[in-house]
Protein chains: 2
Amino acid sequence: MANVNKTRFAILGILNNMPGSGYDIKKNCDTGIAYFWNENFGHIYPVLKQMERDGVITKKEEKSEGRPSRNVYYITEKGKNELIDWLMRPVEPSPQRLELQLKLTFAKLIPVEKTIEELERVKERHKKSLEEFRRVEQEFFNSEDAQNYESYPYWYSNLRYGIGDAEFRIRWCEETIERIKFHNAIKKDK
Amino acid sequence: MANVNKTRFAILGILNNMPGSGYDIKKNCDTGIAYFWNENFGHIYPVLKQMERDGVITKKEEKSEGRPSRNVYYITEKGKNELIDWLMRPVEPSPQRLELQLKLTFAKLIPVEKTIEELERVKERHKKSLEEFRRVEQEFFNSEDAQNYESYPYWYSNLRYGIGDAEFRIRWCEETIERIKFHNAIKKDK
DNA sequence: GTATCCATGTAACCAGTTACATGATTGC
DNA sequence: GCAATCATGTAACTGGTTACATGGATAC
């Protein structure tokens, strides 16, 4: 259950908010929820077909001039029930794989400078995304609309997660760089 | 490159520290680095075979009385080079999938109480692992040996990562629960 | 005239999970 | 007598990625 079918539920949730095509779903992932969720076309399209067969969504072909025709999907009653069922189930902790941490474990094999460079790069990356999160937060503070949005506390909590996570990782990178430098210095002293 | 062959490098790193069997490798993952890395037998054994064919490790059969015989693997020069090569390469950011955050995005479909229960559960889980991390940290402070261990700054940084991450997530759960409660209260007021 | 956006899909591939099979030894 | 630990492996599966194929419309 931990490793099953997450794409399906992501699609159900997105289509429940607003019917749309596979392309729309992908766009939705890449913009709104990109920092904690991703999907790609090669998976979305076949899963949509399967979901239609299972009766959790229905397809309507939409034709308009000057544009390719779209397959617009709508969530069904059955689909909505499946979605709610999933939402009600507790999240099972899925084992993570943190490549940076794994590399650190074996880092004695390479020069400290290399590791420090890498930590600096990672830190910069988190700083960039933190800036972006902060920008979105400001935009949100300046908009009255946003605060009346039904899902606002959930949406904003996710943003706060992104901010807090980035802040923590930046601090950790700094702390780790200092630790490595310090230990390298006293090692040379001996 | 982002999604390729991580098991292979994990195995190389572990065998570089100490030769061992597939069983040993699994144990190593489940104890030392479990909170940021996982492997399972169904993957380890076939990958070991492939790595032997590629000449990055060699096998020696070890027989002893009263125990099943073990296939003990040793890293080769070629394997060590491959490991160092991987360590020197920058980590590419791999898109994450945070199920809790995805669920929060669609949480308006279920009663707030359910979401709060879930956040409490998650918070408790992180509190438990934080306790464990703190215990390990204390154990480490009380041991002089550990601090002379060559990889100590790396190992300790990883522990600090676990601690900081757990602390952040606990705070976030608390903050999120408060936010949801608050918004639910003013919604009822209207 | 070139890049980007809109739009859908398939095929090949691979990493990783789960379940199954086997069997000895040790500790409670 | 039963559970846990030591020990290796295979088979079936599946979730997800990457690359490929196609093609019109729009914006710079």
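Worth knowing before you read on, the calculation uses all heavy atoms, side chains too, and leaves out hydrogens, waters and symmetry mates. Throughout, a chain's letter reflects where its sequence line sits, starting with A, and its residues are numbered from 1.
- At the phosphate of D/dG16, neither OP1 nor OP2 sits under 4.0 Å from any side-chain N or O atom of A/Asn40.
- Residue B/Ser21 places at least one side-chain N or O under 4.0 Å from the OP1 or OP2 atom of D/dT8.
- Heavy-atom nearest nucleotides on DNA chain D were determined for B/Lys59 and for B/Arg97, and the one closer to the 5' end corresponds to B/Lys59.
- Applying the 4.0 Å criterion to OP1 and OP2 of D/dT8, one finds that B/Tyr45 has a side-chain N or O inside that range.
- Using a 4.0 Å heavy-atom distance criterion, B/Gly42 is classed as a base contact.
- Rounding to whole angstrom units, CG of residue B/Asp30 and C1' of D/dA7 are separated by 15 Å.
- Considering only side-chain N and O atoms, B/Asn5 lies nowhere under 4.0 angstrom from the phosphate OP1 or OP2 of C/dG16.
- In this structure, B/Phe168 has its ring center closer than 6.0 angstrom to the ring center of A/Tyr161.
- Spacing between atom NZ of A/Lys26 and atom C1' of C/dC5 amounts to 14 Å, rounded to whole angstrom units.
- OP1 or OP2 of D/dG9 lies within a sub-4.0 Å distance of a side-chain N or O belonging to B/Asn71.
- Distances shorter than 4.0 Å separate none of the side-chain N or O atoms of A/Thr7 from OP1 or OP2 on D/dG15.
- The residue among B/Lys49 and A/His43 whose nearest nucleotide of DNA chain D lies closer to the 5′ end is B/Lys49.
- The nearest whole Å value for the distance from the CD1 atom in B/Ile11 to the C1' atom in C/dG16 is 12 Å.
- For the 3.5 Å distance criterion, the side chains of B/Arg169 and B/Ser129 fail to qualify, holding no donor opposite an acceptor.
- Summarising the hydrophobic clusters (Ile, Leu, Val, Met, Phe, Trp, Tyr; side-chain heavy atoms under 4.5 Å, direct or chained), the residues clustered with A/Tyr74 are A/Val72.
- Between the CG atom in A/Asn28 and the CD1 atom in A/Ile33 there is a gap of 6.0 Å [rounded to 0.5 Å].
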